[in-house]
Amino acid sequence: MPVAYAVPVPEITSLPIAGSAERFPVHRVYCVGRNYEAHAREMGFTGREPPFFFLKPADAVVPVPAGATGEIAYPPLTRDLHHEIELVVAIGKGGRDIAVADASGHIYGYAIGLDMTRRDLQSDMKKQGRPWCIGKAFDQSAPIGPITPIAASGELTRGRIALTVNGQPRQASDISQLIWSVSEVIAHLSTAWDLAPGDLIMTGTPEGVAAVVRGDRMHGEIEELGSLDVTVR
């Protein structure tokens, strides 16, 4: 007997897949904090601390098709909206207590993403010792481009990652500079959660995070993955 729902069923958030008509359904969005040393320093921290995580809701993802310019609204309650360019890892095979040596076998592919942050709200919550979901997990806070399957890209352990705003350089590094590698991140995550097909992992941002305003155009690039363009309306 078909299930009857009391309210409309939410749409499944999904991302385009490069070279395919299929789409990647999004389950959860995990984010790694302070995973580039230079960014950790600019945020007032140093060293290789144990990795920590926060989550965004799946419907915070804004899919951006190849060759298109995505658009996000300037969110309410903030006067300090920051960009954070990140390598996104798409999980194709779930698991628990995954070994570092086995982690790459759980990767479906990679994408370019932006972890947009209401920095003023995040900072206020930190000062009060309260959760800072309001600074990270708001609507349209995760524009993400098409997923490139690992079968096409190979395992990504190095490659330039960069972001410009209105053509001016803001962030530039290499994914080889991740404090915790993608495989280590997957292993750590899988000790706390059962990873599932459809999960996304935003792996951290390099130094150079800064504010954007209405009308700004962000252009992100990761070697082997192409580019991501997003404007703020």
Side-chain angles (χ1 to χ4, degrees), residues 7 10 13 26-62 70-89 91 96 113-144 163 165 170-171 173 177-180 182 184-196 198-214 216 218 220 230 232-233:
V7 299
T13 301
V26 179
H27 179 234
R28 292 175 178 167
V29 183
Y30 298 98
C31 306
V32 188
R34 299 196 295 262
N35 203 21
Y36 286 82
E37 186 175 348
H39 173 59
R41 286 199 302 269
E42 75 179 353
M43 299 302 291
F45 300 87
T46 60
R48 183 181 163 94
E49 62 186 321
F52 69 93
F53 308 99
F54 57 92
L55 288 92
K56 293 177 183 276
D59 61 3
V61 171
V62 178
E71 187 177 88
I72 60 172
Y74 195 95
L77 303 180
T78 185
R79 295 184 178 180
D80 196 21
L81 177 67
H82 279 208
H83 57 73
E84 297 190 6
I85 184 75
E86 309 209 1
L87 172 69
V88 181
V89 177
I91 297 297
R96 180 87 182 212
L114 287 166
D115 169 15
M116 302 304 296
T117 303
R118 294 192 282 205
R119 189 72 71 200
D120 46 359
L121 301 185
Q122 182 193 32
S123 297
D124 286 346
M125 293 300 103
K126 285 181 176 180
K127 290 174 185 176
Q128 297 177 59
R130 296 177 176 177
W132 31 273
C133 303
I134 194 169
K136 287 286 192 177
F138 53 93
D139 297 338
Q140 299 186 345
S141 61
I144 298 176
L163 181 87
V165 176
R170 288 280 184 94
Q171 294 183 265
S173 188
Q177 297 303 303
L178 285 166
I179 296 173
W180 296 94
V182 168
E184 290 173 323
V185 165
I186 291 171
H188 276 282
L189 267 175
S190 71
T191 65
W193 290 275
D194 284 319
L195 293 184
D199 286 343
L200 299 177
I201 304 171
M202 304 188 79
T203 58
T205 196
E207 68 275 16
V209 300
V212 289
V213 298
R214 292 175 178 86
D216 279 350
M218 297 172 284
V230 177
V232 183
R233 70 172 189 269

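Once rounded to the nearest 0.5 Å, the distance linking CD1 of I144 with CG of D115 reads 9.5 Å. We find the CG-CH2 distance between L55 and W193 to be 5.5 Å, quoted to the nearest 0.5 Å. Here the CZ atom belonging to R130 is positioned 12.5 Å from the CG atom belonging to L121, to the nearest 0.5 angstrom. Note that the NE2 atom of H82 and the CE atom of M116 stand 9.5 Å from one another [nearest 0.5 Å]. Atom CG in D59 sits 9.0 Å away from atom OG in S141 (nearest 0.5 Å). For the atom pair L195 CG and H27 NE2, the distance stands at 10.0 Å (nearest 0.5 Å).
Closest approach of A73 to Q140, counting heavy atoms only: N-OE1, 2.7 Å. When all heavy atoms of M218 and V165 are compared, the pair lying nearest together is CG-CG2, 4.1 Å. Across every non-hydrogen atom of T203 and N35, the tightest pair is O-ND2, 2.9 Å. For the residue pair V62 and E71, the shortest heavy atom distance occurs at CG1-O, 4.2 Å. Scanning both residues, F53 and V185, for their nearest heavy atoms gives CE2-CG1, 4.1 Å. Closest of all the heavy-atom pairs between I72 and P143 is CG2-CG, 3.7 Å.
At distances below 3.5 Å, at least one donor-acceptor pair connects side-chain atoms of R170 with backbone N or O atoms of A211. Panel note: side chain K56, backbone K136; a donor-acceptor pair is recorded below 3.5 Å. Side-chain atoms of R119 do not come within 3.5 Å of backbone N or O of R79 as any donor-acceptor pair. With hydrogens and angles disregarded, no donor-acceptor distance shorter than 3.5 Å links the side chain of D199 to the backbone of I91. At least one donor-acceptor pair closer than 3.5 Å links the side chain of R118 to the backbone N or O of I134. In this structure, D139 contributes its side chain and A60 its backbone to no donor-acceptor pair below 3.5 Å.
With 3.5 Å as the limit, one finds a donor-acceptor pair spanning the side chains of T78 and D120. The closest side-chain donor-acceptor pair between T205 and Q171 falls under 3.5 angstrom.
Judged by a 6.0 Å distance limit and a 45° cone about the ring axis, R233 is not positioned over the six-membered ring of Y74.
Counting heavy atoms from C-beta outward, V32 and W180 have side chains that stay 4.5 Å or more apart.
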